[in-house]
Every structure is written in C-alpha cells, then in structure tokens.
Amino acid sequence: MKGDIILFLFFVLLVINIATVAAFRSDKRRAVAGQRRISEANLLQLAMLGGSPGALLARRLFRHKTRKEPFSTRLLLIVAIQAGAVIGLLIV
C-alpha cells in the first residue's frame with residue numbers, strides 16, 4: 001500500500017516535471033519567434049506543483065529566464081521551500 005502511494009507520487013512528479021520542461025521550451029521558442037508567451041505566473045505554478053527540478057533543468061538547457069528578476073528569486077524560493085519540506089519528511 002505505502003509502496004503504491006510512493007510510486008504514484010513519483011509518477012505524478014515525473015509528469016509535472018516533463019510538463020514544466022516542455023512549458024519552458026515552448027516559452028523560449030515563442031520568445032524567439034516573437035509570439036505570445038506563457039506567463040511567468042504559469043511557469044512558477046508548475047514549479048510550485050512539484051516541477052521545480054524540471055524548471056531548473058529547463059533554465060539551463062534552454063538558457064531561458066536565467067537573469068529575469070523577480071522570476072529567478074521566486075523560483076529559487078520555491079526550490080528552497082520544497083527542499084526543506086523533503087528534508088523535513090525524510091527526518092521524521
């Protein structure tokens with residue numbers, strides 16, 4: 001039972017991270033093409049839902065949103081909060 005829940009959560013996080021990378025890639029392509037962009041709020045929401053590893057990876061892969069403030073600070077805050085939560089869950 002517990003293993004099923006962990007496997008399910010892993011799958012959900014994998015899907016969210018793939019979606020996050022895809023959203024960053026799409027936004028970068030739209031930026032280059034001069035098209036309508038994906039809002040920063042939507043990109044940060046994906047990170048908040050568990051896609052922060054995907055967001056960090058996508059920033060490096062696509063060189064996108066790496067110097068944009070306050071986006072960068074907000075993303076790093078989300079990463080820090082999530083890392084703290086994971087550490088807290090592992091300790092308990």
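The structure presented is a predicted model; accordingly, all values stated were derived computationally and were not measured.
- Not one N or O on the side chain of Q82 forms a donor-acceptor pair closer than 3.5 Å with the backbone of L77.
- Other residues, nucleotides and ligands contribute more than 12 heavy atoms inside 6.0 Å of the CZ atom of R30.
- Atoms OG and CD, on S39 and Q45 in that order, are 7.0 Å from each other to the nearest 0.5 Å.
- Donor-acceptor pairing under 3.5 Å is lacking for the side chains of T20 and N17.
- At least one donor-acceptor pair closer than 3.5 Å links the side chain of D27 to the backbone N or O of I38.
- Counting heavy atoms from C-beta on, the side chains of K2 and I5 never come closer than 4.5 Å.
- Panel note: side chain S72, backbone K68; a donor-acceptor pair is recorded below 3.5 Å.
- Separation of atoms CG (L43) and CZ (R37) is listed at 8.5 Å; rounding is to 0.5 Å.
- Atom CZ of residue F24 and atom CG of residue L46 lie 8.0 Å apart, to the nearest 0.5 angstrom.
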> Passes side-chain contact (heavy atoms from CB on, under 4.5 Å), F62 versus V21? Steps please.
Replying inline: CA-CA 9 Å; F62 310 125; V21 171; 4.0 Å; yes

> Does the pair F8 and D4 meet the rule for a side-chain contact (heavy atoms from CB on, under 4.5 Å), with working shown?
Replying inline: CA-CA 6 Å; F8 175 74; D4 291 340; over 6 Å; no

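- The same ILVMFWY cluster, assembled from side-chain heavy atoms under 4.5 Å apart, contains both L76 and L44.
- Ion pairing of R74 with E69 is absent here, as no side-chain N (NZ or NE/NH1/NH2) approaches a carboxylate O to less than 4.0 Å.
- Not a single side chain to side chain donor-acceptor pair (under 3.5 Å) links R25 to another residue, sequence neighbours left out.
- The side chain to side chain donor-acceptor pair (under 3.5 Å) search around T66 returns none, not counting sequence neighbours.
- A 4.5 Å side-chain heavy-atom check between R59 and L75 finds at least one atom pair inside the cut-off.
- Both L56 and I78 sit in one connected hydrophobic cluster of ILVMFWY residues. Membership requires side-chain heavy atoms under 4.5 Å apart, directly or through other members.
- K65 forms a cation-pi arrangement with F71, by the criterion of a distance under 6.0 Å to the ring centre and an angle within 45° of the ring axis.
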